[in-house]
Amino acid sequence: MSRRVLSALALPAGVSAAAAILCQGVEHPGEKKASKKEEKATVWKSRRHIKPCNLTGWWENDLGSKMQVFEVGRDGTFSGEYHTAVSSTQKPIQPSPLTGSQHLDEDGQCTFGFTVNWKKFSDSTAVFVGQCFNGDDGKEVLHTSWLLREKVDSEPDDWKATRTGRNTFTRAG
Ligand code: BTN
């Protein structure tokens, strides 16, 4: 019998709540024991470790693009600068302004959206929508989907003007 069980049994009657807490680590027959990694993940996800999602700062996505979100206002609105690593244009890439807004829920799982205007080197516009999560390692991760609207010469080309995709961002500063 483990030390934890012994401590619980030694408690006098009437302190069952304390006994229940002390018994939390007890193994039950047939129950799969959580691995060290799973235990750590549970602790990170406990309320104490959840960071409320604030987008302020630098983020990098799976394409190597970086964005800096300036201060998020009390109403959740923000502006920033997007440094895309890729482009469908021939012109040299330049940092591009972004504006957006985020929810301010305290569970660290806010949704948000922002628009990037590539005006310094492209006629296109991109919109991103996404959600913050706290990964198993406690690190923030942003899962986003985007639409990229390209300018076409005439209405018949409208069908081919919008691309879509997904990007995952992690904090870069
Ligand atoms: C353009 O090619 O007209 C402007 C640059 C577009 C970059 C896109 S937006 C979606 C995707 N995610 C990125 O980080 N960059 C590309």
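Throughout, numbering of the chain's residues begins at 1 and tracks the sequence. Hydrogens, waters and symmetry mates are skipped; everything else that's a heavy atom, side chains included, is used. In listed order, ligands and their atoms are each counted from 1.
Note: Phe114 and Phe112 have parallel aromatic rings, judged against thresholds of 30 and 60 degrees for the angle between ring planes.
Under the 3.5 Å distance criterion, with hydrogens and angles disregarded, no donor-acceptor pair is assigned to the side chains of Tyr82 and Asn117.
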Would you mind writing out a table of all protein N or O atoms found under 3.5 Å from any N or O atom of ligand 1, naming both atoms and giving the distance to 0.1 Å?
| residue | atom | partner | partner atom | Å |
| --- | --- | --- | --- | --- |
| ligand 1 | 2 (O) | Ser87 | OG | 3.3 |
| ligand 1 | 2 (O) | Ser88 | N | 2.8 |
| ligand 1 | 2 (O) | Ser88 | OG | 2.9 |
| ligand 1 | 3 (O) | Ser122 | OG | 2.7 |
| ligand 1 | 3 (O) | Ser124 | OG | 3.2 |
| ligand 1 | 12 (N) | Asn167 | OD1 | 2.8 |
| ligand 1 | 14 (O) | Asn61 | ND2 | 2.9 |
| ligand 1 | 14 (O) | Ser65 | OG | 2.6 |
| ligand 1 | 14 (O) | Tyr82 | OH | 2.6 |
| ligand 1 | 15 (N) | Thr84 | OG1 | 2.9 |

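Its side chain within the 4.5 Å cluster rule, Phe133 clusters with Val141 among the Ile, Leu, Val, Met, Phe, Trp and Tyr residues.
Remark: side-chain polar atoms of Ser87 are not paired, donor with acceptor, to backbone N or O of Ile93 under 3.5 angstrom. The backbone N or O of Asn167 lies less than 3.5 Å from a partner atom in the side chain of Thr144, making a donor-acceptor pair.
Taken as a pair, Cys53 and Cys110 fail the criterion of an SG-SG distance shorter than 2.5 angstrom.
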